A.B. asks: 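Quick one: this structure, given as structure tokens, is what I'll be asking you about.
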Amino acid sequence: VPRILGQNYRYLQLQLQRFKWQERFDPSGTMNDIASRLEDGDIIELSRYFSSPTVILEPQITINIERPQQDKIALEILKENESALFERGRIIAERNCTSCHRNSNSGYRPSSNLLPVLTGQTKAYLRSQLLDFRSNSSRSPLMHDFSKNLSNQEIEALATYFNKVR
């Protein structure tokens, strides 16, 4: 299950519309069932609410790569394996992901409001989405092309990086 609080308004609106019109499928069917009953105004209001930056998420260890000293302290707190995964994920993300999903010119938000915010997302959800893109069960030619050659370890590294970085 993804974290949708703080997600981009237009991205949320588009995804709810895709669920409603059966252009995106939830394996459990829950989102499709719920969205099929939403009116356009409901979709707008839900998107507005969940995109609100004032919603508070549960606390967790986070890493802010814009402040190296804080980054260093946070990395020391993390388990050694997770630190290595984070660093590997950072390298992969900087080469392939951040220009769209964590663009410095957009305040480290996605470069388009139609793209999802990945930072702070759960590792399980990020892993699941990357596996779906890799197998092409989530139809996105760009994301399939990127992920088709990712190893399971690289997927875990990316999930760790985006889960921890802010």
Side-chain angles (χ1 to χ4, degrees), residues 1-16 18-19 23-28 31 50-51 53 55-166:
V1 176
R3 286 188 179 141
I4 60 173
L5 299 175
Q7 196 56 264
N8 282 324
Y9 169 81
R10 284 286 297 133
Y11 176 77
L12 289 170
Q13 189 178 30
L14 177 64
Q15 297 312 306
L16 285 170
R18 290 181 66 212
F19 279 123
E23 294 172 1
R24 180 175 177 181
F25 297 96
D26 171 14
S28 71
M31 284 303 304
F50 284 108
S51 65
V55 179
I56 299 172
L57 299 174
E58 75 270 9
Q60 60 178 285
I61 297 171
T62 60
I63 297 170
N64 185 330
I65 63 172
E66 297 310 306
R67 292 177 261 174
Q69 184 57 31
Q70 288 179 348
D71 185 23
K72 183 179 178 187
I73 293 168
L75 281 172
E76 289 172 2
I77 294 171
L78 294 174
K79 292 180 268 169
E80 187 173 314
N81 185 41
E82 196 161 54
S83 296
L85 279 172
F86 175 87
E87 183 59 23
R88 187 172 183 195
R90 181 188 65 76
I91 291 167
I92 296 167
E94 285 180 357
R95 288 184 190 148
N96 301 285
C97 310
T98 57
S99 63
C100 292
H101 291 286
R102 194 168 187 274
N103 191 295
S104 61
N105 295 327
S106 301
Y108 295 95
R109 302 271 302 171
S111 58
S112 165
N113 62 7
L114 295 175
L115 295 171
V117 174
L118 300 182
T119 56
Q121 192 59 263
T122 66
K123 285 172 62 171
Y125 182 74
L126 290 163
R127 184 183 312 112
S128 170
Q129 290 300 293
L130 284 168
L131 289 169
D132 285 350
F133 286 131
R134 184 174 74 180
S135 70
N136 210 23
S137 60
S138 282
R139 291 184 176 89
S140 170
L142 177 68
M143 288 304 299
H144 174 67
D145 190 50
F146 160 68
S147 61
K148 67 184 176 188
N149 295 317
L150 288 176
S151 69
N152 289 340
Q153 293 80 11
E154 289 168 325
I155 287 174
E156 190 64 24
L158 282 167
T160 299
Y161 172 75
F162 279 110
N163 171 256
K164 297 294 182 194
V165 76
R166 296 290 184 271

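Because the structure is a prediction, the values reported are computed rather than measured.
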A.B. asks: For a quick test of reading the model, state the closest non-hydrogen atom pair linking His144 to Phe133 and the distance between them.
C.D. replies: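 Here His144 and Phe133 meet closest at ND1-O, 2.9 Å.
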A.B. asks: Looking only at heavy atoms, which two atoms of Leu115 and Asn8 are closest? And how far apart?
C.D. replies: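 It is O-ND2, 2.8 Å.
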A.B. asks: Quick one: CD on Gln13 to CG on Asn113, what's the gap to the nearest 0.5 Å?
C.D. replies: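 Taking CD in Gln13 and CG in Asn113, the distance rounds to 9.5 Å.
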A.B. asks: Backbone N or O of Tyr108 within a donor-acceptor pair of the Ser106 side chain at under 3.5 Å?
C.D. replies: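 Answer holds: no.
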A.B. asks: Please give me the minimum heavy-atom distance between Asn149 and Glu154, naming the atom from each residue.
C.D. replies: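 Nearest heavy atoms, Asn149 then Glu154: O-OE1, 3.9 Å.
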A.B. asks: Residues two or more places apart in sequence or in another chain: which of them pass salt bridge (charged side-chain N to carboxylate O under 4.0 Å, His left out) with Asp145?
C.D. replies: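 Scan of Asp145 (salt bridge (charged side-chain N to carboxylate O under 4.0 Å, His left out), adjacent residues dropped) gives Lys148.
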A.B. asks: Give a yes or no on whether the backbone of Ser111 and the side-chain of Asn103 come within a donor-acceptor separation of less than 3.5 Å.
C.D. replies: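 Not confirmed, Asn103 side chain does not pair with Ser111 backbone.
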A.B. asks: Hey, are the side chains of Gln7 and Gln15 touching, using non-hydrogen atoms and a 4.5 Å cut-off?
C.D. replies: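 No, too far: nothing below the 4.5 Å cut-off.
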A.B. asks: Judged by atom type as modelled, is there a donor-acceptor pair below 3.5 Å linking the side chain of Ser147 to the main-chain atoms of Leu150?
C.D. replies: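 Side chain of Ser147 to backbone of Leu150: no pair is present.
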A.B. asks: Could you walk me through whether Gln129 and Ser138 pass the side chain to side chain contact (heavy atoms under 4.5 Å, CB included) check?
C.D. replies: CA-CA 8 Å; Gln129 290 300 293; Ser138 282; 4.3 Å; yes
A.B. asks: Between atom OG of Ser128 and atom CD1 of Ile155, what is the distance when rounded to the nearest 0.5 Å?
C.D. replies: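 If we round to the nearest 0.5 Å, Ser128:OG and Ile155:CD1 are 10.0 Å apart.
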A.B. asks: How are the rings of Phe162 and His101 set relative to one another: parallel (under 30°), tilted (30 to 60°) or perpendicular (over 60°)?
C.D. replies: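 Correct class here is perpendicular.
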A.B. asks: Are Leu12 and Ile4 close enough that some pair of their side-chain heavy atoms sits under 4.5 Å apart?
C.D. replies: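 In short, these two side chains touch, coming nearer than 4.5 Å.
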A.B. asks: Supply the atom-to-atom distance Leu126 CG to Tyr161 OH, rounded to the nearest 0.5 angstrom.
C.D. replies: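 These two atoms lie 12.0 Å from each other.
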A.B. asks: Using atom types as modelled and distance alone, determine if a side-chain donor or acceptor of Ser135 lies under 3.5 Å from a backbone N or O of Leu131.
C.D. replies: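 Yes; judged by distance alone, with no hydrogens or angles, the pair exists.
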A.B. asks: Using 0.5 Å steps for rounding, measure from the OH atom of Tyr11 to the CG atom of Leu16.
C.D. replies: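 So the OH of Tyr11 and the CG of Leu16 are separated by 10.0 Å.
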A.B. asks: Given side chains that start at C-beta, do those of Phe86 and Thr160 come closer than 4.5 Å, heavy atoms only?
C.D. replies: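 A side-chain contact exists here, since the closest heavy-atom pair is under 4.5 Å.
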A.B. asks: Using 0.5 Å steps for rounding, measure from the SG atom of Cys97 to the CZ atom of Arg102.
C.D. replies: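 So the gap between those two atoms works out to 11.5 Å.
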A.B. asks: With side chains defined as the heavy atoms from C-beta onward, is the minimum distance between Arg134 and Asn152 less than 4.5 Å?
C.D. replies: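 Yes, at least one pair of side-chain atoms sits under 4.5 Å.
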A.B. asks: Would Leu142 and Phe146 count as a side chain to side chain contact (heavy atoms under 4.5 Å, CB included) here? Give the steps.
C.D. replies: CA-CA 6 Å; Leu142 177 68; Phe146 160 68; 6.0 Å; no
A.B. asks: I want to check something: taking the side chain as every heavy atom from C-beta on, are Phe19 and Asp26 in contact at a cut-off of under 4.5 Å?
C.D. replies: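 With C-beta onward as the side chain, the pair touches.
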A.B. asks: Testing Thr98, Thr119, Leu118, Val117 for side chain to side chain contact (heavy atoms under 4.5 Å, CB included) with Pro110, which one passes?
C.D. replies: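 Considering Thr98, Thr119, Leu118, Val117, a side chain to side chain contact (heavy atoms under 4.5 Å, CB included) with Pro110 is found only for Val117.
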A.B. asks: Working to the nearest 0.5 Å, report the span between CZ of Arg10 and OG of Ser51.
C.D. replies: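 So the gap between those two atoms works out to 11.5 Å.
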A.B. asks: Answer yes or no: is there an ion pair linking Lys123 with Glu156, defined by an N-O contact shorter than 4.0 Å?
C.D. replies: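 Salt bridge present between Lys123 and Glu156.
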A.B. asks: A side-chain contact here means heavy atoms from C-beta on lying under 4.5 Å apart; do Gln153 and Arg88 qualify?
C.D. replies: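 Result yes, sub-4.5 Å side-chain heavy-atom pair found.
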A.B. asks: Taking atom types as modelled, find out whether Arg127 and Asn163 have a side-chain donor-acceptor pair closer than 3.5 angstrom.
C.D. replies: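 There is no such pair between these side chains.
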